Amino acid sequence: MAKLQVAIDLLTTEEALALAAKVAPYVDIIELGTPLIKNMGSTVITAMKNAHPDKLVFADLKTADAGQLEADIAFKAGADLVTVMGAAGNATIIGAVKAAKAHGKGVVVDTIGYPDRVKRAQEVIELGVEFVELHAGLDEQWTAGYSIQVLIDEAARAGVPVSIAGGVNIGNVAAVIKAGAQVAVAGAAIYGAEDPAAAAKALREVIDAV
Ligand SMILES: O=C([C@H](O)CO)[C@H](O)[C@H](O)COP(=O)(O)O
């Protein structure tokens, strides 16, 4: 069964916990966005894991160097999954995977900004990561002509476990899952909704029906 990941791109622990409390019944993975972690530090990871011990807490570190050290900090704080940039060297990814194995946790590689996301996904899966995020970041999404269809097409030919992030919403989530994504990541479609719980519930229902 495919998973739903809520990406919390809010800026304070208080706001993040309030959102998570509303949407937790409908999501499998709670992502603490990079801006949130940069603003609050690793304490937000601990607070979220304490509030939702039954959920996978995803620390979107977007690590580019010192993979083992940064991953270790997040796992010690309570993260279940951390991200390392696909553009980082393999040594950085291998270091983070080493930390993950020591804690019984996992690493996700984020392909944001990488020219050939599918090729990199196929390379890094060999390094022991859990899955690869086919990701168009917020800045890319705001670029004229952006369409999530690019990521959907990539997922269909990746042949390795992937998530899709980059404007997932109620109108495209079925296509995201049908393309083979194991995880659909939704940020603004949930935290930006008038009723985040209803938005998460609707996404969950589509995912479960595919
Ligand atoms: O990872 C993200 C981005 O880099 C900012 O932290 C987003 O959470 C991710 O792109 C999903 O967000 P939406 O595109 O708003 O669904």
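Just so it is clear, the values below take in all heavy atoms, side chains as well, and ignore hydrogens, waters and symmetry mates. Owing to the predicted nature of the structure, the values given are computational and were not obtained by experimental measurement.
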Would you call Q149 and D153 a side-chain contact if the rule is heavy atoms closer than 4.5 Å?
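Side chain of Q149 against side chain of D153, heavy atoms only: contact under 4.5 Å found.
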Exercise for the section: Would you mind listing every salt bridge (charged side-chain N to carboxylate O under 4.0 Å, His left out) that reaches into residues 124-147, with sequence neighbours excluded? Expected result: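 Qualifying pairs, neighbours excluded: R117-E140.
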Shortest non-hydrogen separation from [X] to [Y] and the atoms involved:
X	Y	result
A189	A199	O-CB, 3.5 Å
I8	A20	CD1-CB, 4.3 Å
A7	V185	CB-CG1, 3.9 Å
R204	D28	NH1-OD2, 2.9 Å
M85	V109	C-CG1, 4.3 Å
S42	I73	CB-CG2, 4.3 Å

Is there a donor-acceptor pair under 3.5 Å between the side chain of [X] and the backbone N or O of [Y]?
X	Y	value
D110	K62	no
T83	V108	no
N172	G167	yes
T34	D60	yes
K55	V27	yes

State yes or no: do [X] and [Y] share one hydrophobic cluster built from I, L, V, M, F, W and Y residues joined by side-chain heavy-atom distances below 4.5 Å, directly or via other members?
X	Y	value
V23	L32	yes
Y146	V150	no
V183	V57	no
I207	I152	yes
F131	I177	no

Calculate, to the nearest 0.5 Å, the distance between atoms [atom1] and [atom2] belonging to [X] and [Y] respectively.
X	Y	atom1	atom2	value
L134	E154	CG	CD	5.5 Å
I164	L151	CD1	CG	5.5 Å
T63	I93	OG1	CD1	10.5 Å
L4	Y26	CG	OH	12.0 Å
F75	Q68	CZ	CD	10.5 Å
E31	M48	CD	CE	11.0 Å

For atom NZ of K3, is the number of surrounding heavy atoms from other residues, nucleotides or ligands below 6.0 Å larger than 12?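 Atom NZ in K3 is not packed in, count stays at 12 or less.
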*Any residue meeting side chain to side chain contact (heavy atoms under 4.5 Å, CB included) with K76, in chain and number order, not counting sequence neighbours*: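 In terms of side chain to side chain contact (heavy atoms under 4.5 Å, CB included), with neighbours along the sequence ignored, K76 is linked to D72, H103.
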*asked:* Whether D195 and K22 form a salt bridge (side-chain N of Lys/Arg under 4.0 Å from carboxylate O of Asp/Glu) is what I want to check.
replied: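 Not counted as a salt bridge, because no side-chain N and carboxylate O are separated by less than 4.0 Å.
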